[in-house]
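Notes for the one structure printed next.
None of the values given here were measured: they were computed from a predicted structure. Numbers for residues simply follow the sequence, beginning at 1. Below, each value reflects all heavy atoms present in this structure, side chains not excepted, and no hydrogens, waters or symmetry copies.
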Amino acid sequence: MEALTPSLTVIPRPEHPISRANISPNAVSVLYRLHHAGHRACLVGGGVRDLLLGREPKDFDIVTDARPEQIHHLFRNCRLIGRRFRLAHVRFGQEIIEVATFRASSDGDNEDDGVERAKDGRILSDNVYGSIEEDAWRRDFTINALYYDIANFTVLDYVGGIADLKAGLIRLIGDPVQRYHEDPVRMLRAVRFAAKLGLRLDPATEAPLHHLGHLLAQIPPARLSDEVLKLFLGGSALQTFELLRHYRLFGWLFPATERCLNHQQQHYPKTLLIHALADIDRRLTEGKPVNPAFLSAALMWEPLREQQRRLQEQGLDEHEALQEAIDLVIQAQISHVALPRRCNTLREIWEMQPRLAQITGKRPLRLLTHPRFRAAYDFLVLRTETDEQAASLADWWTRFLQLDDAGRVAMTQPVKGKGKKSKPRRRRKPRPVASGDSAPSPVSDI
Ligand code: ATP
Ligand code: MG
């Protein structure tokens, strides 16, 4: 690994593009409140990185030499959170500004550094405060360890982050294997930043990813759940998925899905998932919301189908097998990555799939009023990519949604004279839903 710059590089205001005008006014006010109270206060992390890259930051993280209790004292709208990392959350309506205290860098060789570690080297709590320089060295990637100092608007670089940013490189600070052992979530973060920012992983940062996936098994499912949402709802879900599979990390998050992907026939499960992820990315690009339940429904659809098939082979009817399979699949998954409590929306999206096949009489009109109808319809449209029967059904529903009430009633009547129930027309793809009418759009924000 190339030696990192050990000394401080200071980039004066005229030589970098970061302006207070691009920082959230709430973050600027927190920086100034700390500064005027005599503390050091800097913007750090993604806020600095993204502004230097000319991107809009997702959030603004602040770091200071004020202790959490001192921060708490300065802001009325402030809450202290976290055990592993004690942090202050300063709330302004919907916006939360995270304020951390400079922490000492954790040197894995020093058992007396005050950092609480598990036997495997994992850091359990990291609340030892230190200098800004020490704080820089304990951050994950060099490009995440740049500081914008509100005192004089300079950017401070202790770890060679500016050079890496210019070279388009994601590089772990320190020894990559040790840093991944300390916190295996850094592997997911490496993938996330590579996909989202379109940067390359430095070879020494990249190499261990291929064989350290098993470390993720030690991470609490609730923390992995947060990371999974960031991985797949950050606008680059498809690219992230491909990278996670490439580094054999995906299977440690979704083992049942990984097994299906490995045994896939005719690229079936991969196609559905890839279309779902592409839909999610498209929707986020358009500034529309995405329900995490839709993501989960797509991620685990194939394990669900396989489980249902197995149960049907054991003699359960289709409905019982589906109910039982939903329970089994969710139960198995939550020991790896937590899902929202009770997963009601996820269950409903799945449970409504067979109900969407009942298209005569009053049932379709009743289904329309179901609070999860849109999500279930979106999922049906997604299934059309890989399932011919779903395609004709989705087509039926798409036409049904375009009609007024009278048209809908007529469409659900049995065909006269033939004594048969109406059947969906066989078409491979549903016609696109006209925008601006009451019909749902793909991946709606239920
Ligand atoms: P974004 O907010 O765009 O997802 P970010 O880099 O700001 O990216 P955060 O999770 O907000 O990510 O974390 C803020 C900063 O805290 C990071 O930039 C990094 O310096 C540090 N950090 C976060 N997680 C870790 C970690 N697991 N190990 C070391 N440092 C971390
Ligand atoms: Mg951030």
Side-chain angles (χ1 to χ4, degrees), residues 1-2 4-6 42-50 52-53 55 57-63 82 84-85 87 98 100-108 113 115 117 120-128 130 132-148 155-165 167-197 199-209 212-213 215-216 218-219 223-224 226-228 230-231 234 240 243-244 247 249:
M1 199 182 85
E2 266 173 57
L4 291 167
T5 321
C42 299
L43 193 67
V44 70
V48 179
R49 179 196 68 218
D50 291 350
L52 289 173
L53 285 170
R55 300 173 65 102
K58 183 168 73 57
D59 51 31
F60 292 94
D61 303 298
I62 287 173
V63 70
R84 206 169 142 273
F85 292 102
L87 289 174
E98 206 164 272
T101 305
F102 294 136
R103 282 181 172 75
S105 117
S106 52
D107 175 352
D113 59 6
V115 174
R117 285 194 183 72
D120 55 18
R122 204 155 37 95
I123 291 181
L124 298 176
S125 89
D126 191 0
N127 286 317
V128 182
I132 181 169
E133 178 161 8
E134 286 172 311
D135 185 85
W137 286 93
R138 62 148 279 278
R139 288 183 180 270
D140 49 5
F141 305 102
T142 60
I143 58 168
N144 284 350
L146 297 166
Y147 299 78
Y148 169 80
V155 170
L156 309 174
D157 179 7
Y158 294 90
V159 295
I162 290 283
D164 283 343
L165 212 50
L169 272 185
I170 297 175
R171 186 202 306 269
L172 260 179
I173 297 169
D175 174 57
V177 172
Q178 182 189 324
R179 301 296 319 274
Y180 288 138
H181 273 91
E182 279 175 6
D183 183 3
V185 166
R186 290 174 185 150
M187 296 191 285
L188 302 178
R189 289 175 59 85
V191 166
R192 176 155 69 88
F193 295 130
K196 183 170 106 171
L197 306 173
L199 305 183
R200 274 179 308 121
L201 292 166
D202 172 70
T205 296
E206 180 182 30
L209 293 179
L212 290 184
L215 297 176
L216 290 172
Q218 308 149 3
I219 305 297
R223 184 162 179 229
L224 285 184
D226 291 346
E227 283 308 315
V228 161
K230 289 186 201 162
L231 282 164
T240 301
L243 286 179
L244 287 174
Y247 295 120
L249 296 172

Please tell me if the side chains of [X] and [Y] come closer than 4.5 Å, counting only heavy atoms from C-beta onward.
X      : Y      : value
Asp157 : Val159 : yes
Asp59  : Glu98  : no
Leu212 : His181 : yes
Ile162 : Leu52  : yes
Asp135 : Tyr158 : no
Phe193 : Leu201 : no
Leu199 : Phe141 : no
Leu188 : Leu224 : yes

Can you name the nearest heavy-atom pair linking [X] to [Y], along with the distance?
X      : Y      : result
Ile170 : Ala190 : CD1-O, 4.1 Å
Ala194 : Leu243 : CB-CD1, 4.1 Å
Pro57  : Gly46  : CB-O, 4.3 Å
Phe60  : Gly47  : CD2-CA, 4.3 Å
Arg179 : Asp140 : NH1-O, 4.2 Å
Thr205 : Leu172 : OG1-N, 2.9 Å

Taking atom [atom1] of [X] and atom [atom2] of [Y], what is their separation to the nearest 0.5 Å?
X      : Y      : atom1 : atom2 : answer
Arg138 : Ile173 : CZ    : CD1   : 9.0 Å
Leu244 : Met187 : CG    : CE    : 10.5 Å
Asn144 : Asp164 : CG    : CG    : 11.0 Å
Ile132 : Cys42  : CD1   : SG    : 4.0 Å

Arg49: partners by salt bridge (charged side-chain N to carboxylate O under 4.0 Å, His left out), with sequence neighbours left out
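Here no residue qualifies.
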Sequence neighbours left out, what passes salt bridge (charged side-chain N to carboxylate O under 4.0 Å, His left out) with Lys230? Give chain and number order.
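With neighbours one apart ignored, the set is Glu227.
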Pair Ile143-Leu169, side-chain contact (heavy atoms from CB on, under 4.5 Å): steps then yes or no:
CA-CA 8 Å; Ile143 58 168; Leu169 272 185; over 6 Å; no
Test side chain to side chain contact (heavy atoms under 4.5 Å, CB included) applied to Asp61 and Leu43, Val44, Leu87, the passing residue
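Per the side chain to side chain contact (heavy atoms under 4.5 Å, CB included) rule, the option paired with Asp61 is Val44, out of Leu43, Val44, Leu87.
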Considering residues at least two apart in sequence or located in another chain, which fulfil the side chain to side chain donor-acceptor pair (under 3.5 Å) criterion with Arg223?
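For Arg223 the side chain to side chain donor-acceptor pair (under 3.5 Å) partners, ignoring immediate neighbours, are Asp183.
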Any donor-acceptor N/O pair, Tyr147 side chain to Ala136 backbone, under 3.5 Å
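At least one qualifying donor-acceptor pair exists.
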